[in-house]
Asker: 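Quick one: structure below, then a few questions.
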Amino acid sequence: EAALRAVFPRDPELFADAFPVRRRFRFCGRSLRIVQRHGPGLGTAGAVWEAALFLCRFLEQQRFDLRGRSVIELGAGTGIVGIVAALLGGDVTITDQPVALEQIRENVGLNFLAGNGWGVPRVRALRWGLDHGSFPEGGFGVVLGSDIVYDPSLFAPLLRTLQHLCGPPSLALLSVPVRGGDRGSSYFFSHMVPPHFTVQLLQREPQHDIEIY
């Protein structure tokens with residue numbers, strides 16, 4: 001037993017990248033299969049967070065018609081928001097750091113089969129403030145993001161990316177847990193975004209203190 005403990009780490013999450021958690025979620029009349037790799041390889045990108053589910057429910061309940069609209073998801077993690085957007089008819093590009101793309105592609109593959117009638121989302125790397133030049137300026141009608149406004153050091157590159165991707169008719173929907181105090185998410189939406197975008201609080205989920213702007 002002592003020899004086994006010396007060989008195998010005690011923390012089972014260290015194996016979670018190789019043996020992921022598989023969950024099912026129901027949206028748009030479909031049972032979605034989502035892989036989550038909770039190990040150290042992906043960090044926070046490996047899980048479906050409540051803010052993502054809140055945004056998925058919002059899109060479904062508001063009956064967003066995304067048919068014919070170009071949609072991009074930022075910081076997608078598992079890709080569940082982009083997958084739901086594709087089920088609502090969007091021409092969807094799902095993006096995140098390069099390390100997260102394999103998980104996103106796996107989840108897209110699990111939920112979009114050839115000939116099922118929905119357009120398969122594209123999966124691409126997008127590091128805020130660095131890679132957005134490889135995407136068309138003002139080229140997306142809808143920009144989606146969940147739980148991506150959490151690190152103040154990333155607020156400026158995220159804003160630059162939003163400015164690049166959005167044109168005058170674009171709509172950005174961000175689902176955000178309220179955190180960070182006066183310099184956190186509230187500062188981003190009250191001070192940084194208004195000079196460039198019209199900001200409106202659309203819905204609040206008090207149980208988990210999540211807001212959609």
Side-chain angles (χ1 to χ4, degrees), residues 8-9 11-28 30-60 66 70-88 90-114 116 118-132 134-135 140 142-151 153-154 157-158 161-162 165 172-177 208 210:
F8 293 102
D11 186 354
E13 289 194 357
L14 293 176
F15 294 100
D17 286 332
F19 301 99
V21 174
R22 300 177 185 272
R23 296 182 61 187
R24 287 184 178 269
F25 302 89
R26 189 159 190 86
F27 290 106
C28 305
R30 289 275 307 279
S31 178
L32 304 183
R33 295 178 291 170
I34 298 295
V35 167
Q36 301 176 101
R37 300 185 183 275
H38 290 289
L42 289 179
T44 57
V48 175
W49 298 99
E50 188 59 39
L53 298 179
F54 185 42
L55 183 52
C56 289
R57 288 192 291 268
F58 179 80
L59 292 172
E60 183 178 43
L66 298 177
S70 56
V71 181
I72 188 168
E73 183 186 2
L74 305 180
T78 64
I80 189 171
V81 173
I83 289 170
V84 169
L87 296 181
L88 291 169
D91 178 15
V92 178
T93 302
I94 303 177
T95 70
D96 205 326
Q97 299 277 347
V99 69
L101 300 187
E102 181 180 353
Q103 174 175 264
I104 297 171
R105 291 190 182 103
E106 183 174 1
N107 285 328
V108 168
L110 286 171
N111 292 285
F112 291 87
L113 303 176
N116 67 0
W118 286 280
V120 179
R122 293 171 294 277
V123 179
R124 294 183 59 186
L126 173 50
R127 296 167 297 169
W128 307 332
L130 296 175
D131 300 329
H132 60 238
S134 61
F135 292 78
F140 292 91
V142 180
V143 179
L144 302 173
S146 63
D147 212 344
I148 62 174
V149 184
Y150 61 88
D151 183 350
S153 70
L154 296 176
L158 172 58
T161 296
L162 289 171
L165 298 174
L173 295 172
L174 304 183
S175 176
V176 182
H208 297 93
I210 300 172

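The analysis underlying the following values was restricted to heavy atoms, covering all of them including side chains, and did not include hydrogens, waters or symmetry mates. The shown structure was predicted, so the numbers you read here are calculated from the model rather than taken from an experiment.
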Asker: According to side-chain hydrogen bond (donor to acceptor under 3.5 Å, both in side chains), who are the partners of T95, at least two apart in sequence or on a separate chain?
Answerer: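 Residues passing side-chain hydrogen bond (donor to acceptor under 3.5 Å, both in side chains) with T95: none at all.
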Asker: How many angstroms lie between CD1 in I72 and NE2 in H132, if you round to the nearest 0.5 Å?
Answerer: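 So the CD1 of I72 and the NE2 of H132 are separated by 11.5 Å.
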Asker: Nearest 0.5 Å, please: how far is CD1 in I148 from CG in L74?
Answerer: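 Between L74 CG and I148 CD1, I get 5.0 Å after rounding to 0.5 Å.
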Asker: Supply the atom-to-atom distance F25 CZ to I83 CD1, rounded to the nearest 0.5 angstrom.
Answerer: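 The CD1 atom of I83 is 10.5 Å from CZ of F25, to the nearest 0.5 Å.
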Asker: Verify, without hydrogens or angle tests, whether E60 (side chain) and C28 (backbone) share a donor-acceptor contact under 3.5 angstrom.
Answerer: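 Confirmed, E60 side chain pairs with C28 backbone.
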Asker: Hydrogens and angles aside, do R24 and S31 bring a side-chain donor and acceptor to less than 3.5 Å of each other?
Answerer: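 Yes, side-chain donor-acceptor contact under 3.5 Å.
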Asker: Looking only at non-hydrogen atoms, find the nearest pair between V108 and V120 and report the distance.
Answerer: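 For V108 and V120, the tightest heavy-atom pair comes out as CG1-CG1, 3.6 Å.
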Asker: Under a 3.5 Å distance rule, please check whether Q36 uses its side chain to pair with a backbone N or O of R23 as donor and acceptor.
Answerer: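 No.
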Asker: Starting from the C-alpha separation in whole Å, work towards a yes-or-no answer on side chain to side chain contact (heavy atoms under 4.5 Å, CB included) for L126 and T93.
Answerer: CA-CA 10 Å; L126 173 50; T93 302; over 6 Å; no
Asker: Has Q103 got a side-chain atom pairing as donor or acceptor with G77's backbone, closer than 3.5 angstrom?
Answerer: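 Yes, Q103 side chain to G77 backbone: donor-acceptor pair under 3.5 Å.
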Asker: Between P98 and A125, what is the shortest heavy-atom contact and its length?
Answerer: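 Smallest interatomic distance, heavy atoms only, reads CG-CB, 4.0 Å.
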Asker: Rounded to the nearest 0.5 Å, what's the gap from CD1 on I104 to CZ on R124? Could you check?
Answerer: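 Here the rounded value is 13.0 Å.
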Asker: With rounding to the nearest 0.5 Å, note down the distance linking CG in D91 to CZ in F140.
Answerer: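 Separation between the atoms: 8.5 Å.
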Asker: Looking at D96 and L101, what are the two nearest heavy atoms and their distance?
Answerer: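 Taking every non-hydrogen atom into account, O-CD2, 3.9 Å.
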Asker: Among V84, L174, I94, L59, find the residue that satisfies the side chain to side chain contact (heavy atoms under 4.5 Å, CB included) test when tested with L144.
Answerer: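 When V84, L174, I94, L59 are each tested with L144, the side chain to side chain contact (heavy atoms under 4.5 Å, CB included) holds only for L59.
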Asker: Assess whether side chain to side chain contact (heavy atoms under 4.5 Å, CB included) is satisfied between V71 and L88, documenting all intermediate values.
Answerer: CA-CA 11 Å; V71 181; L88 291 169; over 6 Å; no
Asker: Heavy-atom count around W49 CH2 within 6.0 Å, excluding the residue itself: above 12?
Answerer: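 Open.
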Asker: Within a strict 4.5 Å, meaning less than it, do heavy atoms of the L162 and W128 side chains meet?
Answerer: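 Contact flag for L162/W128 side chains = no.
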Asker: So, for V92 and G82, which heavy atoms are closest and what is the spacing to 0.1 Å?
Answerer: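 The pair with the smallest heavy-atom distance is CG1-O, 3.6 Å.
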Asker: What are the two closest non-hydrogen atoms of G129 and T161, and how far apart are they?
Answerer: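 Nearest heavy atoms, G129 then T161: N-OG1, 2.9 Å.
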Asker: Evaluate side chain to side chain contact (heavy atoms under 4.5 Å, CB included) for I80 paired with N107, printing each intermediate quantity in order.
Answerer: CA-CA 8 Å; I80 189 171; N107 285 328; over 6 Å; no
Asker: Do E106 and R33 sit within salt-bridge range, that is, some charged N less than 4.0 Å from a carboxylate O?
Answerer: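 Between R33 and E106 there is no salt bridge, as every charged N stays at least 4.0 Å from the carboxylate O atoms.
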Asker: With a 3.5 Å distance limit and no angle check, can you tell me whether S146 reaches the backbone of A51 through a side-chain donor-acceptor pair?
Answerer: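 No, S146 side chain to A51 backbone: no donor-acceptor pair under 3.5 Å.
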Asker: Where do V81 and A52 come nearest, in terms of heavy atoms and distance?
Answerer: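 Of all heavy-atom pairs spanning V81 and A52, the closest is CG2-O, 3.7 Å.
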Asker: Short question: side chain of R30, backbone of N111 - any donor-acceptor pair under 3.5 Å?
Answerer: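 Flag set: sc R30 to bb N111 pair under 3.5 Å.
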Asker: Roughly how far apart are F54 CZ and S175 OG, rounded to 0.5 Å?
Answerer: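 Reported value, rounded in 0.5 Å steps: 6.0 Å.
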